[in-house]
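Small disclaimer: the values here were computed from a predicted structure and weren't measured.
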Number of protein chains: 2
Amino acid sequence: MRNTINIMKALADENRVRIVLALARGELCVCQITEMLELAPSTVSKHLSILKNAGLIKYRKDGRWIHYQLDESSKIPEVGSFLEWIIESLKDSEEVLNDFEKLKTIEKKSLSCVPNNKEER
Amino acid sequence: MRNTINIMKALADENRVRIVLALARGELCVCQITEMLELAPSTVSKHLSILKNAGLIKYRKDGRWIHYQLDESSKIPEVGSFLEWIIESLKDSEEVLNDFEKLKTIEKKSLSCVPNNKEER
DNA sequence: TCTATATTTCGCCACATAACGAAATATAAT
DNA sequence: ATTATATTTCGTTATGTGGCGAAATATAGA
């Protein structure tokens, strides 16, 4: 039950829900999430920490950049089916579609973490 | 999205999760829920109110008694599938099984709301 | 090494929340 | 009508939470 409560608590915040739905679209760097949410980097870092501790997301480092993705094969059994549920529930919601549009713009920008920007360096 | 966040917030509390799982077993009266949770009646009332406002439960009055049940055909679309998910996730958890045992004892007691007790009056 | 940048951690603050007891409300019994 | 009982609402308190800026940590570049 602790696992389930942790998942519920992790998702009891709109910004964290938005992060999860954005990650459902594909892996993102902290800086992209920060720009999408328009929050302080420290706030975003705290949100990501909560999601990670609930077993919902995982990360990989790439130099100074940290990329997060949904942990669909989490060692916590409930996570997989829960992510299916919430993504299905919200995939067409207005806020999520707005975030997707925003992410398209963010991905076009020359953020330092963007792969093609990196390759040109 | 508002609906989903409300559901997440409603379930971000262990006692409210326990209520939902107890109601999955069948309709209960406030007094039974209160005795199961071992909380003040006013606290239980507030928890039930939150669950009701999230669209997860509904009630019927029977004189002074109020019986609550899960609202599986809630007008909020996400509720049905969400309840399926959480019941499936927690049906075998220790805390929930303990509550079921407790409820068996409570149902044997002559609480004022118990139907056969009422019939004998 | 020093400087720059990305991210996390820490400390603080305003607001939210769960618990309780008291009061209010609703219903039944006498 | 008064008394009893079940439940809800209100007010208070202690604890939790989301946001921010500052400091710390991690990595890259000059």
So if I take residues 38-54 of chain A and measure heavy-atom distances to DNA chain C, which residues fall below 4.0 Å? P41(A), S42(A), S45(A)
Contacts of T4(B) that satisfy side-chain hydrogen bond (donor to acceptor under 3.5 Å, both in side chains) - sequence neighbours left out: E78(B)
Whole angstrom value for the distance that separates P of dT5(C) from CH2 of W65(A): 11 Å
For the pair made of CD1 in I66(A) and C1' in dT8(C), what is the distance, rounded to whole Å? 8 Å
Identify every side-chain donor-acceptor pair in residues 39-58 of chain A under 3.5 Å, counting partners at least two apart or on other chains, and give the distances.
unit_1	atom_1	unit_2	atom_2	d
H47(A)	ND1	R16(A)	NH1	3.0
N53(A)	ND2	S49(A)	O	3.3

To the closest 0.5 Å, what do you measure between CG (L23(B)) and CG (L70(B))? 5.0 Å
Minimal non-hydrogen separation, E14(B) against I5(A), with atom names: CA-CD1, 3.6 Å
For K9(A) and A12(B), work out which heavy atoms get closest and say how close. NZ-O, 3.3 Å
Rounded distance in Å - CZ (R60(A)) to P (dT27(D)): 15 Å
Heavy atoms from other residues, nucleotides or ligands near OH of Y59(B) exceed 12 (cutoff 6.0 Å): no
At what angle, to 10 degrees, do the two end axes of the helix from dT1(C)-dA30(D) to dT30(C)-dA1(D) meet, given five pairs define each axis? 10°
Is there a side-chain contact between Y68(A) and the phosphate of dT8(C), meaning an N or O under 4.0 Å from OP1 or OP2? yes
Heavy-atom closest pair (I66(B) atom, K61(B) atom, distance to 0.1 Å) is CD1-CE, 3.9 Å
Just the rounded figure in Å: distance from P of dA4(C) to CZ of R64(A). 12 Å
Give the minimum heavy-atom separation between K91(B) and V96(B), together with the two atoms involved. O-CG1, 4.2 Å
Heavy-atom closest pair (L90(A) atom, M1(B) atom, distance to 0.1 Å) is CD2-CA, 3.6 Å
Sorted by chain and number, sequence neighbours left out, side-chain hydrogen bond (donor to acceptor under 3.5 Å, both in side chains) with E38(A) holds for K102(A)
Interface with DNA chain C, restricted to residues 1-23 of chain A and to heavy atoms under 4.0 Å: none
Without decimals, in angstroms, what is the distance between K61(A) NZ and dT5(C) C1'? 14 Å
Minimal heavy-atom distance between E107(A) and L28(A), with the atoms involved, is OE2-CD2, 4.1 Å
What's the CD1-C1' distance between I33(A) and dT8(C), to the nearest Å? 14 Å
Integer-rounded Å distance: dA26(C) C1' and H67(B) NE2: 15 Å
